[in-house]
Protein chains: 2
Amino acid sequence: MPESPSREQILEAAQRLFAAQGFSATTIKQIGRAARVNTALLYYYFDDKERLYRAVLQRLMSGLVSRTLVPLESDAPPAVRMRGFIEAQVHTFMANPELPRLFMREMLDHGVAHAVDQIQHLAATSFKGLCDTIREGQRQGTFRTDIQPEFAAISSVAQVVYFFLARPAVRVLLGKEISTATVEAFARHVADFTLAALTSGIDVAPKPRPRRRS
Amino acid sequence: MPESPSREQILEAAQRLFAAQGFSATTIKQIGRAARVNTALLYYYFDDKERLYRAVLQRLMSGLVSRTLVPLESDAPPAVRMRGFIEAQVHTFMANPELPRLFMREMLDHGVAHAVDQIQHLAATSFKGLCDTIREGQRQGTFRTDIQPEFAAISSVAQVVYFFLARPAVRVLLGKEISTATVEAFARHVADFTLAALTSGIDVAPKPRPRRRS
DNA sequence: GTCTATAGGCTGATAGAC
DNA sequence: GTCTATCAGCCTATAGAC
């Protein structure tokens, strides 16, 4: 697959614009201008606007899996792996703010029709790893067993994704600018909050003894 | 303010279409057709497409506050109020699926520029009520004090909103259709999960005694 | 309040020279 | 691979009859 520089410029510009404005609001001319490339050239590399959009989406989504999977595959205790996953997710989004935006837009606009393959891959790797980690914690007795692993996994992801997307609203709600420090503080909060939920009611002493009712 | 039936039909059709397709992808002709109203009539009631959009957004958002505020204002214990809020939120979204969609679209497309007033109102009522409820639980000793109330409030909201928006992706992740029963199960999960996080490490016995280290 | 007709601009996409 | 020129269609919005 020859990686021509023009093709790459087009993909990058399209990614930025589609994420910022959405598919319909972004014009071919805008992409051409942003990519410093003649408009007609887009049709040399891509059949039409929609296929360009799909190429952008798939390129972006394929990177997500690889980066969030690593911490889940370590042999650390489940709680540590959970923290690692949440951190990896936050850092991936900070380094690539277009990812959550484009993903959400695809959900709203097309019901993930253009990303079914990538999500199935996600279901079989990162999401499965997350659920398995929770299940392992439950088997070990460090996580509550009355929580559905799949739901807990969704709760964990939801907090992070939502915070990145809702930044403008959160700015108004908190009445202050959302600095990088705030993002990182919220990332720690999500890890603490999620692990608190999973370990709630579990005796955390090294050698747990059954507690007696008074 | 005379509530003409045509005007109302236009607002309802616009709400459905803007929520489903977004502002740019929705045409004035589509709205006219869906509202069974002549296209030119839209310009009799609204100055232009954007002002129609703003009218839709504000009409929809104003309803949100009133419905989620009620459970927060009861004199029940904080944990009960939290559950009530989460339930109210879920039922509001189930009865009105366009609300979370349109709100998210506004965040993505315009950084909530068209809804700043409504969000400030939200910040002063529902969101403040939620934070105050958490703070009260912390003062009473039933909620952990090492959690920031504002962050916990966002976590709680995030889980619910995200689940409604991510339904197509969740369908693929879970490998099954998302029935009403699944939505309600997830709603209970969010309440359990959130309260587990808030009460984690807190002694839940009726008359808590300091626990002795072995 | 509701309709017809239409202006004027922009959009995605193509043909064809180089 | 890159460019110019261009088209056909759709879009928002308006003018004006009824």
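A note on names: the letters A, B, ... follow the listed sequences, proteins ahead of strands, and every chain is numbered from 1. For clarity, every value in this text was computed on a predicted model and none was experimentally measured. Because only heavy atoms are used, hydrogens play no part in the values below, and waters and symmetry mates are left out as well, while side chains stay in.
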Once you apply a heavy-atom cut-off of 4.0 Å, does B/Thr26 come out as touching a base, just sugar-phosphate, or nothing? sugar-phosphate
For a quick check of understanding: with a heavy-atom distance under 4.0 Å over all strands, which category does B/Ser6 fall into, base, sugar-phosphate or nothing? sugar-phosphate
Check whether the ring centres of A/Tyr162 and B/Tyr162 lie less than 6.0 Å apart, and answer yes or no. no
Please give, in whole Å, the distance from [N] [atom2] to [X] [atom1]?
{"X": "A/Asp47", "N": "C/dG12", "atom1": "CG", "atom2": "C1'", "answer": "14 Å"}
{"X": "B/Leu52", "N": "D/dA13", "atom1": "CG", "atom2": "P", "answer": "10 Å"}
{"X": "B/Lys49", "N": "D/dC11", "atom1": "NZ", "atom2": "C1'", "answer": "8 Å"}
{"X": "A/Leu42", "N": "D/dT4", "atom1": "CG", "atom2": "P", "answer": "14 Å"}
{"X": "A/Arg33", "N": "D/dT2", "atom1": "CZ", "atom2": "P", "answer": "19 Å"}
{"X": "A/Arg51", "N": "C/dA13", "atom1": "CZ", "atom2": "P", "answer": "10 Å"}
{"X": "A/Phe46", "N": "C/dG12", "atom1": "CZ", "atom2": "P", "answer": "15 Å"}
{"X": "B/Leu41", "N": "D/dA15", "atom1": "CG", "atom2": "P", "answer": "17 Å"}

Residue pair A/Gln15 / A/Arg59, side-chain heavy-atom distance below 4.5 Å: yes
With nearest nucleotides of DNA chain C determined for A/Gln30 and A/Ala40 from heavy-atom distances, which residue corresponds to the more 5′ nucleotide?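 Going by which nucleotide is closer to the 5' end, it is A/Gln30.
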Checking ring pair (Phe, Tyr, Trp, His ring centres under 6.0 Å) for the pair A/Phe18/A/Tyr53: CA distance, chi angles, key distance, verdict? CA-CA 8 Å; A/Phe18 283 145; A/Tyr53 169 76; 5.4 Å; yes
Let's see if you can work this out: which of D/dG1, C/dG12, D/dT12 has an atom nearest to the side-chain heavy atoms of A/Ile28?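 Ranking D/dG1, C/dG12, D/dT12 by closest atom to the A/Ile28 side chain puts C/dG12 first.
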Just compare D/dG1, C/dG1, D/dT12 and give me whichever is closest to any side-chain atom of B/Tyr44. C/dG1
B/Glu12 vs B/Arg16, salt bridge (charged side-chain N to carboxylate O under 4.0 Å, His left out): CA-CA, chis, key distance, verdict: CA-CA 6 Å; B/Glu12 273 165 29; B/Arg16 258 182 294 137; 5.8 Å; no
Taking for each residue the nucleotide of DNA chain D with the nearest heavy atom, is it A/Asn38 or B/Asp48 whose nucleotide lies nearer the 5' end?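 By nearest-heavy-atom nucleotide position, the 5'-most residue is A/Asn38.
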Side chains of B/Ser126 and B/Thr68, donor plus acceptor under 3.5 Å: yes
Strictly below 4.0 Å: does B/Tyr45 bring a side-chain N or O up to OP1 or OP2 of C/dT2?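 Answer yes for this pair, as a side-chain N or O of B/Tyr45 is under 4.0 Å from OP1 or OP2.
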Under 4.0 Å between a side-chain N/O of A/Tyr43 and OP1 or OP2 of C/dA13, yes or no? yes
